[in-house]
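What follows is a set of notes on a single structure, which appears directly below.
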Protein chains: 4
Amino acid sequence: MAGSVNKVILVGNLGADPEIRNLPSGGKVVNLSVATSENWKDKNTGERREKTEWHRVVIFSEGLARVAESYLKKGSKVYLEGQLQTRKWQDQSGADKYSTEIVLQGFNSNLTLLDGRGDGEGAGAGDSGGFRGARDNGGNSGGGNNNSGGGQRPRPSAPAFEPGGMDDDIPF
Amino acid sequence: MAGSVNKVILVGNLGADPEIRNLPSGGKVVNLSVATSENWKDKNTGERREKTEWHRVVIFSEGLARVAESYLKKGSKVYLEGQLQTRKWQDQSGADKYSTEIVLQGFNSNLTLLDGRGDGEGAGAGDSGGFRGARDNGGNSGGGNNNSGGGQRPRPSAPAFEPGGMDDDIPF
Amino acid sequence: MAGSVNKVILVGNLGADPEIRNLPSGGKVVNLSVATSENWKDKNTGERREKTEWHRVVIFSEGLARVAESYLKKGSKVYLEGQLQTRKWQDQSGADKYSTEIVLQGFNSNLTLLDGRGDGEGAGAGDSGGFRGARDNGGNSGGGNNNSGGGQRPRPSAPAFEPGGMDDDIPF
Amino acid sequence: MAGSVNKVILVGNLGADPEIRNLPSGGKVVNLSVATSENWKDKNTGERREKTEWHRVVIFSEGLARVAESYLKKGSKVYLEGQLQTRKWQDQSGADKYSTEIVLQGFNSNLTLLDGRGDGEGAGAGDSGGFRGARDNGGNSGGGNNNSGGGQRPRPSAPAFEPGGMDDDIPF
DNA sequence: TTTT
DNA sequence: TTTT
């Protein structure tokens, strides 16, 4: 289709440490559970209410995955940009399940830590020392080995994301 | 939580006419099915590939619901802003299901037709005459009486900025 | 024009305390100076470089102006959404000048404090107690009486979605 | 600074054909003039009003520049994402001038044509045949020759953008 | 002028 | 199910 846009922007906090999975291919996928909440005062009762929304975030971008692994932890506040993607899978009983995730992959993905500093002064020895935001440069940032020639934008063969890392018949 | 943001921005096409549901309360809820797609050339095979993502959009805002009902139809291209929300429900067998939707409701929601012209075909005569984008004003658009003086949007003295370089038959 | 969008999203720090101007009309306008910066390593020299961009933000929305006045100060980190606007003015010599600003006014504006907590230090006693983000409701937030029934934001039956995986002492 | 975001999202129409400038370095820079407009009904007078805002867009990204050159023309409707940047320059009299532009360069830039089709059925013979959106992959998309080793993110030495292409003491 |  |  000529001209479509699929963009999610979140500012929220991690509900847990990042989950890192190493792929057979050598790659790395990071899952985040991010909470956003809203506060409002009920117009009728006058009481203050809060509603929290949990978002499952999947980082395929190597560069951003490394950043997440190195600098994010439970409670971290992040700004992120990704795309909505709904994935179909089967639970143990073979029933179809759908899970909607925010995918950080390729262009127009972004992940920025909004907390203090990465993980403190001495963190991140070496060159990339100190996290100060990161952007994907096409799935291959960082000198990583993407093997097999690329497939720069969408992932070549939609690597399966096996649910089960959290309760297994909850969408994430 | 102090400071969170939950925003989705889509530009896509409706896969079907809007579904309108009238609530017992007299309100109205509109559901849209919006497609976004990506095209890329496989780096390995060189073949062109396309992937379409379908998004379920739910409009609670009265003003935007009316706009959707009046101006959108199967095939329409729209720009929209809303929030991600995952809803839990039970299927006939009582099994828990989760559904993630893009909710247009209250502040920071937006719905803009990108197709031809909204005011075409005689629609929307009179006051709201001609759809040219719509924004929610807090769940109260439509019947609400906000009448309290003051041009609402642009600031009173909003100085025109006219570079003058533009020919006058530009279609906007 | 049918269908246009003009949106700026910034996450940055205030370079100075907010400047408040009281209008003859009784209204209030707040100006912010917001810095965003980028860091990168020069590919040629290998040295680390930084570039800071300063943004002039003008808040016409009453509700957001009050928030800015109450909770923001030099150094505060904010998330904000507004619109680009270029204003023409004359300097003392009568020469034309143009100034581009990010205007927070009316719909689709947002201002959220990303620092510590808004409600700290005793600020914001009473009803609006505790800043936890704010959105414009159409130029009428604050003094307006919108009282017409209905919890405004989340839909009535907004089902809680609690994956349960989260420890309960998470700071959000 | 840890964690800042500088993002502009526009949907608007080109007021003129793209201006292409070839740089001594062999690169290419494209300038767009994009109009966004708002319509509203004055709360006091009841009359319908419209305000158009003109945006100067500068495309440094090679890939997006090529796209703009090939598919955009006066009247085209586009979706674009870029960054705000204010540039200082001197007019003929040596007076300081400032110009704020939306820069498409490097990561997190996007340019998507929302009009019908690229430039018609048979356009764009060969591989990239038919414009269907484009994203920057870091300043070097397209196999272009960026010479001199790169400088991937911000431009190494802020290539001067000589005003004058339009009236010369208007900021764009 | 901020922030790291 | 859209669109190109």
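In what follows, chains carry the letters A, B, and so on, assigned in the order in which the sequence lines appear, proteins first and then strands, with residues in each chain numbered from 1.
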Derivation of the side-chain contact (heavy atoms from CB on, under 4.5 Å) call for Val5(A) and Leu10(B): CA-CA 5 Å; Val5(A) 173; Leu10(B) 300 182; over 6 Å; no
Distance in angstrom units between Leu114(A) CG and dT3(E) P, rounded: 16 Å
Rounded distance (Å) that lies between atom C1' of dT3(F) and atom CZ of Arg48(B): 15 Å
dT3(E) base / Thr52(C) side chain donor-acceptor hit below 3.5 Å: no
Selection from dT1(E), dT1(F), dT3(E) that lies nearest to any side-chain heavy atom of Trp54(C): dT1(E)
Protein-nucleotide distance (Lys77(C), atom NZ; dT4(E), atom P), rounded to Å: 8 Å
Lys51(B) NZ - dT4(F) P separation (whole Å): 20 Å
Atom-pair distance (CD on Glu50(C); P on dT3(E)), nearest Å: 12 Å
Asn31(B)-Arg56(B) side chain donor-acceptor pair, cut-off 3.5 Å: yes
Distance, rounded to the nearest Å, where Lys74(C) contributes NZ and dT1(E) contributes C1': 7 Å
Separation of dT4(F) P from Tyr79(D) OH (nearest whole Å): 20 Å
Salt bridge Lys51(C)-Glu53(C), side-chain N to carboxylate O under 4.0 Å: yes
Candidate pair Val29(C) and Ile59(C), rule side-chain contact (heavy atoms from CB on, under 4.5 Å), full reasoning: CA-CA 6 Å; Val29(C) 175; Ile59(C) 306 175; over 6 Å; no
Nearest-angstrom distance from the residue atom CZ of Arg49(C) to C1' of dT4(E): 17 Å
Closest listed nucleotide, where the reference is the side chain of Asn13(C) and the choices are dT3(E), dT1(F), dT1(E): dT3(E)
Listed nucleotide nearest any side-chain atom of Ala35(B), set dT2(F), dT2(E), dT1(E): dT2(F)
